[in-house]
Amino acid sequence: MGEYKIAVVAGDGIGPEITAEALKVLEVVGEKFGHKFIFDEVYAGGAAIDKFGEALPEESLNKCKCSDAVLLGAVGGPKWDNMEGSKRPERALLGIRENLGLYVNLRPAIMHKALADACPLKKEITGDSFDIMVVRELTGGIYFGERGYREGKYGNEAFDVETYSEYEIERIARFAFDAAMKRNKNLTSVDKANVLESSRLWRKIVNNVAEEYPEVTLTHMYVDNAAMQLVRNPRQFDVIVTSNMFGDILSDEASQITGSIGMLPSASMGKANPGMYEPIHGSAPDIAGENKANPIATILSVAMMMRYSFSLTKEAEAIEAAVTKVLDKGLRTPDIMSEGMTLVGTKEMGDAICAEF
Ligand code: NAD
């Protein structure tokens with residue numbers, strides 16, 4: 001029995017549709033396991049720009065800070081594409097991450113057996129399934145570094161600086177080694193140490209932390225090779241730890257080879273609650289409002305919230321099992337549809353998952 005306050009940022013595009021399904025699942029979980037989930041509606045992203053003139057109003061940030069966890073749909077869309085960088089909807093995400101101190105982004109890339117046909121790779125490469133956990137550093141590196149314009153050798157130029165401190169590398173490395181200890185004890189650290197000074201420091205600190213985890217097998221891999229190995233032999237990976245920008249790119253690649261971007265959840269965490277839980281995909285403006293979006297990534301994000309923020313393991317497992325059962329029964333949203341399966345919309349997929357409890 002517990003009471004949990006969840007700040008719900010539905011956001012833009014398909015955001016409101018997919019979060020609505022995740023909240024339905026939370027209601028059912030609450031009833032079944034005797035918890036009370038209190039939802040607090042929060043405006044951020046394009047919806048907040050339209051209503052309040054800024055992507056992350058102070059009130060929204062405060063609501064997130066006062067919650068036990070944040071659930072986010074997605075933000076952004078063509079309507080706001082021409083805005084100046086610092087005012088765009090996506091800045092809301094960076095603002096929440098920074099203000100809540102969310103330095104870890106956990107992105108599982110799991111290919112479900114039932115969706116093997118949706119995977120673009122050959123069966124002999126993927127086998128029946130694979131299960132990779134990408135641990136991405138989230139509050140450092142080039143996305144938060146010094147930036148600007150200046151007069152250069154060829155006229156006006158722009159720059160963004162990649163910076164990592166020993167402290168930042170050590171805390172993300174420790175998180176990744178701990179994660180590997182709970183899985184198959186295999187950690188791949190991805191960098192570009194043959195070119196970048198910040199990567200050479202990254203490698204040195206990861207090696208230092210490795211001494212505390214003698215049971216974990218550590219491999220270093222350059223990011224270009226990692227991008228290739230993910231499509232060549234994804235089953236070699238267990239846990240991958242990497243910087244903010246490399247993690248952004250590699251986790252999208254890992255998601256694509258699972259079959260659908262609409263299936264993959266993520267968790268962003270700091271030292272304490274609240275953490276933030278969101279699907280890895282964006283606001284999919286091309287299908288917004290059409291009842292076509294796959295709500296599973298958001299529903300599985302709620303499962304991660306149960307596990308990582310509330311330590312409700314049984315509840316997390318029940319949500320994951322409900323998703324697997326519905327997939328095994330052949331229900332599919334358009335993005336994961338294949339021959340012989342039953343096509344359903346966003347709402348019907350949410351209802352079917354709720355019905356499994
Ligand atoms: P996207 O992830 O929104 O869409 C890429 C493709 O995947 C589209 O064809 C879309 O229809 C499909 N797709 C995505 N989620 C789906 C789902 N749940 N079910 C079925 N299909 C799905 O990426 P994009 O098109 O590059 O970006 C669109 C907007 O979203 C941009 O404004 C971008 O800045 C923003 N964005 C937001 C986040 C976030 O809020 N975390 C992340 C990435 C992009």
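Keep in mind it's a predicted model, so treat the numbers as computed, not measured. One-based numbering, in listed order, for ligands and for the atoms of each.
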K.L.:
According to the ring-ring contact (aromatic ring centres under 6.0 Å, His included) rule, which pairs have a member within residues 329-357, sequence neighbours left out?
P.N.:
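As it turns out, there is no ring-ring contact (aromatic ring centres under 6.0 Å, His included) pair with a partner in residues 329-357 once direct neighbours are skipped.
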
K.L.:
Report, one line per pair, each donor and acceptor closer than 3.5 Å where one atom sits in a side chain of residues 71-83; sequence neighbours left out.
P.N.:
unit_1: Lys79; atom_1: NZ; unit_2: Asp50; atom_2: OD2; d: 2.6
unit_1: Trp80; atom_1: NE1; unit_2: Asp50; atom_2: OD1; d: 3.2
unit_1: Asp81; atom_1: OD1; unit_2: Arg88; atom_2: NH2; d: 3.3

K.L.:
Are His35 and Tyr4 packed together at the side-chain level, in the sense that at least one heavy-atom pair is separated by less than 4.5 angstrom?
P.N.:
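In short, these two side chains touch, coming nearer than 4.5 Å.
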
K.L.:
Any non-hydrogen side-chain atom of Val323 less than 4.5 Å from a side-chain atom of Ile299?
P.N.:
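Yes; the side chains approach each other to less than 4.5 Å.
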
K.L.:
For ligand 1, find each of its N or O atoms that sits under 3.5 Å from a protein N or O atom, and tabulate the pairs with distances to one decimal place.
P.N.:
unit_1: ligand 1; atom_1: 2 (O); unit_2: Gly282; atom_2: N; d: 2.7
unit_1: ligand 1; atom_1: 3 (O); unit_2: Gly282; atom_2: N; d: 3.4
unit_1: ligand 1; atom_1: 3 (O); unit_2: Ser283; atom_2: N; d: 3.2
unit_1: ligand 1; atom_1: 3 (O); unit_2: Ala284; atom_2: N; d: 2.8
unit_1: ligand 1; atom_1: 9 (O); unit_2: Asp286; atom_2: OD2; d: 3.0
unit_1: ligand 1; atom_1: 11 (O); unit_2: Asp286; atom_2: OD1; d: 2.9
unit_1: ligand 1; atom_1: 11 (O); unit_2: Asp286; atom_2: OD2; d: 3.0
unit_1: ligand 1; atom_1: 15 (N); unit_2: His281; atom_2: ND1; d: 3.3
unit_1: ligand 1; atom_1: 18 (N); unit_2: His281; atom_2: NE2; d: 3.1
unit_1: ligand 1; atom_1: 18 (N); unit_2: Asn294; atom_2: O; d: 3.0
unit_1: ligand 1; atom_1: 19 (N); unit_2: Asn294; atom_2: N; d: 2.9
unit_1: ligand 1; atom_1: 30 (O); unit_2: Ser283; atom_2: N; d: 3.1
unit_1: ligand 1; atom_1: 30 (O); unit_2: Ser283; atom_2: OG; d: 3.2
unit_1: ligand 1; atom_1: 32 (O); unit_2: Gly77; atom_2: N; d: 3.0
unit_1: ligand 1; atom_1: 32 (O); unit_2: Glu90; atom_2: OE2; d: 3.3
unit_1: ligand 1; atom_1: 34 (O); unit_2: Glu90; atom_2: OE2; d: 2.4
unit_1: ligand 1; atom_1: 40 (O); unit_2: Val75; atom_2: N; d: 2.8
unit_1: ligand 1; atom_1: 41 (N); unit_2: Glu278; atom_2: OE1; d: 3.2

K.L.:
Can you give me every donor-acceptor pair (side chain of residues 107-115, partner residue at least two apart or in another chain, under 3.5 Å) with its distance?
P.N.:
unit_1: Arg107; atom_1: NE; unit_2: Asn105; atom_2: OD1; d: 3.0
unit_1: Arg107; atom_1: NH1; unit_2: Ser251; atom_2: OG; d: 2.6
unit_1: Arg107; atom_1: NH1; unit_2: Asp252; atom_2: OD1; d: 3.4

K.L.:
Heavy atoms, side chains only, cut-off 4.5 Å: are Leu106 and Met269 in contact?
P.N.:
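They are in side-chain contact.
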
